[in-house]
Amino acid sequence: MNVENLRVKLGKKEVLKGISLNIKPNSIVAIIGPSGCGKSTFLKCINGILNDNVEAKIEGKIEFQGKDIKDYDSIDDVRKNIGMVFQNPTPFPMSIYKNITYAMKYYGENKKEILDKVVEEKLRVVGLYEEVSKELNKSALKLSGGQQQRLCIARALAIEPKILLLDEPCSALDIKSTMIIEDMLKELSKEYTIIIVTHNLNQAKRISDNTVFMLDGNIVEDDKTEKIFTEPKDDRTRDYISGIYG
């Protein structure tokens, strides 16, 4: 994925001020920065969620597989390839099974044997199958917070996206659930490209290959994670990771 000079205005406020970024496949990219710097807005642009906001004015280019997402036949084609998981777990008010198969059916897959296979496969990927295999018809809303978030990731993976976007996916979870999800994401990066927004700097250090530091709607620095945290080139990056502000 390649982003060139992405600018976003929400009403009169300029939220992104010319973002350019190249994202390599099969990597984990962590986006860090203080609240209000544009991190979540950036994610919402990547899979077209912000297109639904009538106040949003979006300029620039977001290329996925060499094609601007504006040139895809429909936004559904974009979202099928670029899935998103939000900060708070958002399971649908239906069974575990139906949560995972919902998007598959939306995109035309109705064969029960295929649906069953994908449900088991994706629940195993997120480490949830053994916990819920006998309760697939149970309401997803009865799962714990950590289980719900893993279910949402399984749901996003069910339609085999190329890129997975995660906006603070562990902020509402306990340490144990966070560790489970982090280990899972490292394993998933062998098959998927993952972009994660996080306020947890230690999380960025633990799991990401590259880190992007954003400030006031701009990318200040983008580099290998180890370099960002040990040899930042910009004083503003150094101040942020040192806890001076943010």
Side-chain angles (χ1 to χ4, degrees), residues 1-8 15-32 38-53 56-86 100-109 114 117-118 121-122 125-126 152-169 184-198 204 207-214 217-219 221-225:
M1 170 169 281
N2 188 54
V3 179
E4 293 182 14
N5 198 30
L6 179 63
R7 295 179 179 273
V8 175
V15 182
L16 297 181
K17 304 176 181 178
I19 297 293
S20 294
L21 184 66
N22 183 262
I23 298 168
K24 296 179 180 178
N26 301 106
S27 65
I28 300 179
V29 177
I31 302 178
I32 62 172
K39 304 185 299 295
S40 294
T41 299
F42 181 44
L43 282 196
K44 290 174 182 177
C45 287
I46 291 176
N47 82 333
I49 289 177
L50 209 60
N51 293 7
D52 299 331
N53 188 329
K57 182 180 179 181
I58 305 170
E59 299 177 351
K61 183 182 293 186
I62 302 174
E63 285 187 342
F64 170 67
Q65 295 185 328
K67 183 177 179 180
D68 195 318
I69 65 170
K70 294 193 295 289
D71 296 332
Y72 277 75
D73 291 337
S74 72
I75 198 64
D76 282 346
D77 289 340
V78 174
R79 291 173 182 167
K80 188 176 188 298
N81 286 287
I82 306 175
M84 186 159 180
V85 177
F86 297 92
I100 296 179
T101 58
Y102 184 89
M104 296 176 66
K105 289 183 176 180
Y106 178 83
Y107 286 106
E109 183 55 73
I114 294 178
K117 179 181 178 182
V118 172
E121 178 183 304
K122 299 311 176 187
V125 165
V126 301
C152 291
I153 294 172
R155 185 178 67 196
L157 296 176
I159 53 174
E160 295 295 345
K162 303 294 188 298
I163 297 176
L164 183 63
L165 310 176
L166 302 108
D167 191 359
E168 294 279 1
M184 176 191 66
L185 293 178
K186 286 188 283 188
E187 190 67 24
L188 286 174
S189 67
K190 296 175 183 178
E191 297 183 45
Y192 304 90
T193 302
I194 297 171
I195 306 172
I196 178 170
V197 163
T198 180
I207 70 171
S208 67
D209 301 295
N210 285 70
T211 295
V212 178
F213 172 54
M214 290 184 64
N218 293 292
I219 290 179
E221 196 163 345
D222 164 33
D223 211 332
K224 295 287 186 183
T225 294

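Computation of the quantities below employed the complete heavy-atom set of this structure, encompassing side-chain atoms and omitting hydrogens, waters and symmetry-equivalent molecules. Here the structure is a predicted model, which is why all the values come from computation and not from measurement.
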Quick check on Tyr72: does its OH atom have over 12 non-hydrogen neighbours (other residues, nucleotides or ligands) under 6.0 Å away? yes
Rounded to the nearest 0.5 Å, how far does [atom2] of [Y] lie from [atom1] of [X]?
X      : Y      : atom1 : atom2 : answer
Ser27  : Lys224 : OG    : NZ    : 8.0 Å
Leu50  : Ser40  : CG    : OG    : 11.0 Å
Lys61  : Ile69  : NZ    : CD1   : 12.5 Å
Ile207 : Leu185 : CD1   : CG    : 5.0 Å
Ile32  : Phe213 : CD1   : CZ    : 6.5 Å
Ile100 : Cys152 : CD1   : SG    : 10.0 Å

Pair Asp223-Thr211, side-chain contact (heavy atoms from CB on, under 4.5 Å): steps then yes or no: CA-CA 6 Å; Asp223 211 332; Thr211 295; over 6 Å; no
side-chain contact (heavy atoms from CB on, under 4.5 Å) between Val85 and Leu165: does it pass, once the steps are laid out? CA-CA 6 Å; Val85 177; Leu165 310 176; over 6 Å; no
Between Arg79 and Asp52, is a salt bridge (Lys or Arg N to Asp or Glu O under 4.0 Å) present by the stated rule, with each step listed? CA-CA 13 Å; Arg79 291 173 182 167; Asp52 299 331; 3.0 Å; yes
Tell me, please, whether Phe64 has Lys162 positioned over its six-membered ring: NZ or CZ under 6.0 Å from the ring centre and within 45 degrees of its axis? no
Might you work through the side-chain contact (heavy atoms from CB on, under 4.5 Å) test for Leu166 and Ile194, ending with a clear yes or no? CA-CA 8 Å; Leu166 302 108; Ile194 297 171; 3.3 Å; yes
Which heavy-atom pair separates [X] from [Y] by the least distance, and what is that distance?
X      : Y      : answer
Gly48  : Ile75  : CA-CD1, 3.7 Å
Leu16  : Gly38  : CD2-O, 3.5 Å
Thr198 : Glu168 : C-OE2, 3.3 Å

Decide yes or no for [X] and [Y]: does some side-chain heavy atom of the first lie under 4.5 Å from some side-chain heavy atom of the second?
X      : Y      : answer
Gln65  : Met1   : no
Leu6   : Phe42  : yes
Asn81  : Pro161 : no
Val29  : Asp209 : no
Ile82  : Ile46  : yes
Ile196 : Ile31  : no
Met214 : Ile19  : yes
Leu21  : Ile23  : yes

Using modelled atom types and a 3.5 Å cut-off, is there a donor and acceptor pairing between side-chain atoms of Thr193 and backbone atoms of Asn26? yes
Using modelled atom types and a 3.5 Å cut-off, is there a donor and acceptor pairing between side-chain atoms of Asn210 and backbone atoms of Thr225? no
Say whether Asn5 and Ser20, considering side chains only, have a donor N or O and an acceptor N or O under 3.5 Å apart. no
Using only heavy-atom distances, determine whether the side chains of Asp76 and Tyr106 contain a donor-acceptor pair under 3.5 Å. yes
Between Glu160 and Lys122, does at least one N-O distance fall below 4.0 Å, as a salt bridge requires? yes
Less than 4.0 Å between a side-chain N and a carboxylate O, is that true for Asp73 and Lys67? no
Not counting sequence neighbours, which residues clear side-chain hydrogen bond (donor to acceptor under 3.5 Å, both in side chains) with Lys70? List them please. Asp68
So Val118 and Thr101, side-chain contact (heavy atoms from CB on, under 4.5 Å) or not? Walk me through it. CA-CA 8 Å; Val118 172; Thr101 58; over 6 Å; no
